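Right, one structure below, let's go through it.
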Amino acid sequence: MIKIFVANWKMQKSYSQTIKWCIKNNKELAELSHRKNIIICPSFESIAKVQTLLNKNINIGAQDCSAFEKGAYTGQVSAISLREIGINYCLIGHSETKINITNTDNLNNSISEKYFLLIKNNIKPIICIGETQEEREKNITYDILKHQIDMIINKIKKEEIKINELIIAYEPIWAIGTGKVPKPEELNNTLIGIKKYINSILSDIELTILYGGSINLDNIEEFKNMGILNGFLLGNSSLDFQLFKKIVLLSISA
Ligand code: PGA
């Protein structure tokens, strides 16, 4: 069942544009958020202001956090600070935060560090996973996704960390911002694979699965009734409130 909508604003809105958006749309957004869990992820500098402008029912998320607890890490933002300002969700592993990092194992490790720092600070991580176009063409999507998942769930197992919930956002990299989406059947099979794999390692967990990548008004109908999906992560389609609202309402209508 569709219950979550994450708006990932990336660096698309400036500080003043963000303020205008919040003032203009707060009331309607608050109404929407009574029906579904809406999580708005503005850029870091706008978070505190957005918190003051939006209704308290609307969750505010961060787009990333540091893999380090504290220290000499210029330009980074710690999970501790996010907790202190009242953030309750944080994206990790988004492909756009991986740009220029070439060692994949270091990268996946750093995502698992972020995961544990967020859990420790009572922030729900939204773990983004996805394959590139090249990996898809080589037919290794499933192996890539498994590897990305392993870095986190093996550690949960090994360190016997008690978690009740895992939120996975499947975002094929080739679909982000490109207008391309997987065929519903292909997506369904991939999500079933992800779910089976996670459940084979962590059986008693509430798994929330989101899809992200070029969701728009033209394709939402194809995905909204997919039983395995619990929500959507929207980039471009979350910037214009009326468009975002239409997508939310369409995906929760019968
Ligand atoms: P998009 O972005 O909806 O613009 O493809 C999704 C994302 O990057 O999370």
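Side-chain atoms are counted along with the backbone in the values below, which use heavy atoms only and exclude waters and symmetry mates. Both counts, for ligands and for their atoms, begin at 1 and track the order of listing. In this text the structure is predicted, and so the values were computed from the model without any measurement.
- Applying the 4.0 Å criterion to heavy atoms of Leu233 picks out, from ligand 1, the atoms 9 (O).
- Of all atoms in ligand 1, numbered sequentially from 1 with element shown, those under 4.0 Å from a heavy atom of Ser214 are 1 (P), 3 (O), 5 (O).
- The nearest protein atom to atom 9 (O) of ligand 1, hydrogens excluded, is given as Glu171 OE2, 2.8 Å; this is a heavy-atom distance.
- Those atoms of ligand 1 with a heavy atom of Asn8 less than 4.0 angstrom away are 9 (O).
- A donor-acceptor distance shorter than 3.5 angstrom exists from the side chain of Asn216 to the backbone of Asp218, with no hydrogens or angles considered.
- At the shortest separation from atom 2 (O) of ligand 1 among protein heavy atoms lies Lys10 NZ, 3.2 Å.
- No option in Trp9, Tyr15, Phe244 other than Trp9 meets the ring-ring contact (aromatic ring centres under 6.0 Å, His included) test with Trp21.
- Shown in contact with His94 at under 4.0 Å from a heavy atom are these atoms of ligand 1, numbered in order with element: 7 (C), 8 (O), 9 (O).
- Residue Gly213 has at least one heavy-atom neighbour below 4.0 Å for each of these atoms of ligand 1: 5 (O).
- Distances from atom 5 (O) of ligand 1 to the heavy atoms of Gly177, Gly179, Ser237, Gly235 show the closest one on Gly177.
- Pro42 and Val50 get closest at one heavy-atom pair: CG-CG2, 3.9 Å.
- Taking atom 4 (O) of ligand 1 as the reference point, the nearest protein heavy-atom neighbour is Asn236 N, 2.9 Å.
- Between the side chain of Asn219 and the backbone N or O of Ile215 there is no donor-acceptor pair closer than 3.5 Å.
- Ser81 places no side-chain N or O within donor-acceptor distance of the main-chain N or O of Val77, the cut-off being under 3.5 Å.
- Distance alone, capped at 3.5 Å, places no donor-acceptor pair between the Ser203 side chain and the Asn199 backbone.
- Tested against Tyr89, the residues Val6, Ile40, Asn37, Leu82 include a single side-chain contact (heavy atoms from CB on, under 4.5 Å) partner, Asn37.
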